Amino acid sequence: MLITGVRLFSYRSYDELRFDPQPKLNVIVGANAAGKTNILEAIYLCAVGRSFRTRRDQDLINMAAAGAYVGIDLENKTGRRKIEFKFRRDGKQVLIDGQPVRRIGELMGVLNAVLFSPEDLSLVKDSPEERRRFMDMELCQLRPAFFYRLQQYNAALKQRGALLRAGLETGLAPDPGMLDMWDDQLTELGGDIMLIRREFMDELSTLARDINRRITGGREELFAFYKPNVAFPDGDRGDVRTALNAALYNSRQEDMRRGFTTRGPHRDDIGILLDGHDVRTFGSQGQQRTAALSMKLSELALMRSEKGEAPVLLLDDVLSELDGDRQRELLSSAFDCQCFLTATSPDGLEEVPNMTVFECANGKLARV
Ligand SMILES: Nc1ncnc2c1ncn2[C@@H]1O[C@H](COP(=O)(O)OP(=O)(O)O)[C@@H](O)[C@H]1O
Ligand SMILES: [Mg+2]
C-alpha cells in the first residue's frame, strides 16, 4: 500500500497542501499546533471514512471556508486508486476513482491504514469504549460486512433506546411488540458482530503474545481475549443468537427502568492478562504500555497477512512516549510499510534508514 499524493484544500488549518510522500518513512516535524496531526487525520479519514478526532464533519472544514477537499492518490494490489472527500457545510461527497460512492462502506479496504496515537498507549487503562474501537477500526477495514452490520446495529440500538426513553418520560410501558421487533434486529446483527469480534481476537491474541514475548525478551506472557458482554457458547450462529436474544429479553425490565439497552455487543470489552493477571489492575505503567504496543503491532501484522500487503502506518507523536527499545521495536515492525510519523523534533531518528524529513510550519510542508 503506497500513498503517492495527498491534496488538501481548506481542510482544518490548511489553505492548500500538496504533499508527495516517499515510499518508506516520512517524518513530519513541527511545533505544536503546526498542523501535523491534521495531515494524518486526513489520511486516516480516507481509510475508515471518518475522522479519529471528531464525529462532526463540520470541524474538518477550515473556519474561513465554505467547504473542504481531501484527495489521496495511492497504489494498492489492484493498481492505482484515488479517494476524494468533498465536504460542504450541508453534507459530504465521497468519490473513488472519480465515481461518487453510494455507501461509505465501499471505501473500506481501498486504503488500509493502522493509526497509532498517544491515546493508544493507554488502551489497557482506558474505558471499554476505546478497546471496542480498537477492534472495530481494524475490522471495518478488513471486513466491509462487519462495517455494515455495525452501522445497522447502532441504528437499531438508537431506535430501541428512543422507545425506552419515551416510556420513561411518559410513564407508559413501551409496546412489547415493538420491543420484540428491535430485539430481533439487534439479535441478528449483534450476533454476527460478536462472532466476527471473537474470531478476530482469537487471531490477534496469538500475534500479540509472540510480539510481547519478543519485546520483553520472553519474560512476560501476554494473553488478550474477547470479553463479550453477553457470554455465548463455542457454537454456531444460532447459539450466539439464542444467547443474545435471551439476554435482551431478560433485561427488559431493567432497560425500561434505566432508559437504555443494558446488554449487548455495544458493551463488549477486551481482557488483557500478563502472566495470568489483569494488566489493567496489576501491571506497571511500563507493562501497560508494552502490552498496548504489542496489541497495536499485532493489528499491523494481522492486516498485513489478511490483505497480503502492508498497510500504511500512521504514528502520531508516539515516539517520544516510548523508551529506546520500544522505539526500535516499533520502527523495525514498520520495515515494509510506508510510514507517516509526526514529532516535534527528529531527535532519536538519526539512525533510521530510508527516512525523509518534512518540516511543517505556517500551513506548508517543506522537504528538509
Ligand atoms: N476547522 C479548522 N479551521 C482552522 N484551523 C483549524 C481547524 N481545525 C483545527 N485547526 C487548527 O489546527 C491546529 C492544530 O493542528 P494539529 O494538526 O492538531 O497540530 P499538531 O502539529 O500539534 O499535530 C490548531 O492551530 C487549530 O486551531
Ligand atoms: Mg498532533
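Note: hydrogens, waters and symmetry copies are ignored here, and every other heavy atom, side chains too, is used. Worth saying up front: this structure is predicted, and the values here are computed from it rather than measured.
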Suppose we screen for ring pair (Phe, Tyr, Trp, His ring centres under 6.0 Å). Which residues come up paired with [X], at least two apart in sequence or across chains?
X: Y148; value: none
X: F282; value: H277
X: F147; value: none

**OP:** Measure up the F9 and Y69 rings against each other and bin them: parallel (under 30°), tilted (30 to 60°), perpendicular (over 60°).
**Re:**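 The rings of F9 and Y69 sit tilted, inter-plane angle from 30° to 60°.
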Is there any salt bridge (charged side-chain N to carboxylate O under 4.0 Å, His left out) pair reaching into [range], and which pairs are they, with sequence neighbours excluded?
range: residues 120-130; answer: D120-K296, E130-R133
range: residues 144-172; answer: R149-D192, R160-D183, R160-D255
range: residues 2-14; answer: R7-D20, R12-E41

Carboxylate-amine/guanidinium contact [X] [Y], below 4.0 Å:
X: E75; Y: R81; result: no
X: K82; Y: D97; result: no
X: D316; Y: K36; result: no
X: D336; Y: K24; result: no
X: E119; Y: R53; result: no
X: E221; Y: R213; result: yes

Original post:
Is the number of heavy atoms from other residues, nucleotides or ligands within 6.0 Å of CG (N362) greater than 12?
Top reply: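 Not buried by this count: 12 neighbours or fewer within 6.0 Å.
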Subject >> Residues D268, R131; criterion salt bridge (charged side-chain N to carboxylate O under 4.0 Å, His left out); working and verdict >> reply: CA-CA 9 Å; D268 281 352; R131 285 183 292 279; over 6 Å; no
Original post:
T54 and D59: side-chain donor and acceptor closer than 3.5 Å?
Top reply: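 There is such a pair between these side chains.
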**OP:** Can you spot which of D269, D202, L204, L273 makes a side chain to side chain contact (heavy atoms under 4.5 Å, CB included) with F225?
**Re:**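 Among the candidates, only L273 passes.
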Subject >> T342 (side chain) donor-acceptor with T37 (main chain) under 3.5 angstrom >> reply: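 A pair under 3.5 Å: no.
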